[in-house]
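Every heavy atom of this structure was used, including side-chain atoms; hydrogens, water molecules and symmetry mates were not. Residues take their numbers from the sequence shown, with the count starting at 1.
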Amino acid sequence: MDEAGSFMARIQSSIVVPIMYRMVHTGKLPKFMQKKINEADKSKKELVARFLNMFGIDQGGSPWITKQSIYNQFYSDLVTKVQHGIDVPGTTIHVFYATKMGKKYEKRYCTYFKNPDIRRHNMQHEELFCCHSAEWVEEVKKAVEGDRQ
């Protein structure tokens, strides 16, 4: 839900492409990233390792991914404006919110969605999904069951 104008989106995407391309294409992290991971505590290392696993890092890479596709993905994410106060009758927006991300992100969800069902977890971004998959499944089930009532 990050947004930028087209000029800044072009700059940001152009910076990300060489780093991400090499990483996903070869399946190896750049040395500066590996150094940061090595300096992290055990729980952060586990989160990063599981997150990178989703991208195929240390699994041979994804040679079919192109620089242009990475650029397009980042650029389009940044320039796509998200409506404020999204409200679809009969639909509940469930947000699995990692409180360690900070309050500004919770505020952002409340800006974009009218009356979101915010399910708070004392975790980092994507930690519930990446590191606690069984708990994540249970949370999804609870959300769906709540919708049926």
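For the pair Arg108/Thr111, no side-chain contact is recorded, criterion being any heavy-atom separation below 4.5 Å from C-beta on. By the 4.5 Å heavy-atom criterion applied to side chains, Met123 and His132 are counted as neighbours. The closest side-chain heavy-atom distance from Tyr112 to Gln83 is not below 4.5 Å. Residues Val48 and Lys36 have side chains not in contact (no heavy-atom distance under 4.5 Å, counting atoms from C-beta outward).
Hydrophobic clustering places Tyr21 together with Trp64 (ILVMFWY residues linked when any side-chain heavy atoms are closer than 4.5 Å, directly or through intermediates). A continuous path of ILVMFWY side-chain contacts below 4.5 Å connects Met33 to Val16, so both sit in one hydrophobic cluster. Cluster annotation: Ile19 is connected to Leu29 through the hydrophobic network of ILVMFWY side chains, with a link wherever side-chain heavy atoms come within less than 4.5 Å. Under a hydrophobic clustering in which Ile, Leu, Val, Met, Phe, Trp and Tyr are joined whenever their side-chain heavy atoms come within less than 4.5 Å, directly or via other members, Ile15 and Phe32 fall into different clusters. When the side chains of ILVMFWY residues are joined at heavy-atom separations under 4.5 Å, either directly or via intervening members, Val137 and Phe129 end up in a single hydrophobic cluster.
Expressed to the nearest 0.5 Å, how far NZ of Lys28 lies from CE of Met23 amounts to 13.0 Å. Distance check, rounded to the nearest 0.5 Å: NE2 of His94 to CD1 of Ile118 gives 12.0 Å. For the atom pair NZ (Lys103) and OH (Tyr97), the distance works out to 6.0 Å, reported to the nearest 0.5 Å. For the atom pair CZ of Arg10 and OH of Tyr71, the computed distance is 6.5 Å after rounding to the nearest 0.5 Å. Between the CZ atom in Phe96 and the OH atom in Tyr109 there is a gap of 11.0 Å [rounded to 0.5 Å]. Atom CE of residue Met20 and atom CD1 of residue Ile70 lie 6.0 Å apart, to the nearest 0.5 angstrom.
Between Glu126 and Arg50 no salt bridge is recorded (no basic side-chain N to carboxylate O distance below 4.0 Å). By the 4.0 Å N-to-carboxylate-O rule, Glu145 lies too far from Lys142 to be salt-bridged with it.
Between Ala4 and Lys81, the shortest heavy-atom distance links the atoms O-NZ, 4.1 Å. The heavy-atom pair separating Pro116 from Val95 by the smallest distance is CB-CG2, 4.1 Å. A pairwise comparison of heavy atoms in Tyr75 and Ser6 identifies OH-CB, 3.2 Å as the closest pair. Scanning both residues, Asn122 and Lys100, for their nearest heavy atoms gives OD1-CE, 3.4 Å. Closest of all the heavy-atom pairs between Cys130 and Phe51 is SG-CD1, 3.7 Å.
When atom types are taken as modelled, the side chain of Ser62 and the backbone of His25 share no donor-acceptor pair closer than 3.5 angstrom. In this structure a side-chain-to-backbone donor-acceptor pair under 3.5 Å is present from Ser76 to Gln73. Here the side chain of Glu3 pairs a donor or acceptor atom with the backbone of Val82 at under 3.5 angstrom.
Of the candidates Arg119, Arg120, Lys114, Asp117 forms a salt bridge (charged side-chain N to carboxylate O under 4.0 Å, His left out) with just one, namely Arg119.
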Self-check item: Audit row: Gln34, Ile37, side chain to side chain contact (heavy atoms under 4.5 Å, CB included) steps and yes/no
Solution: CA-CA 5 Å; Gln34 190 61 58; Ile37 293 169; 4.2 Å; yes

Exercise. Mind running side chain to side chain contact (heavy atoms under 4.5 Å, CB included) on Glu135 and Glu138 for me, showing each step along the way?
Key: CA-CA 5 Å; Glu135 185 180 341; Glu138 290 305 313; 5.6 Å; no

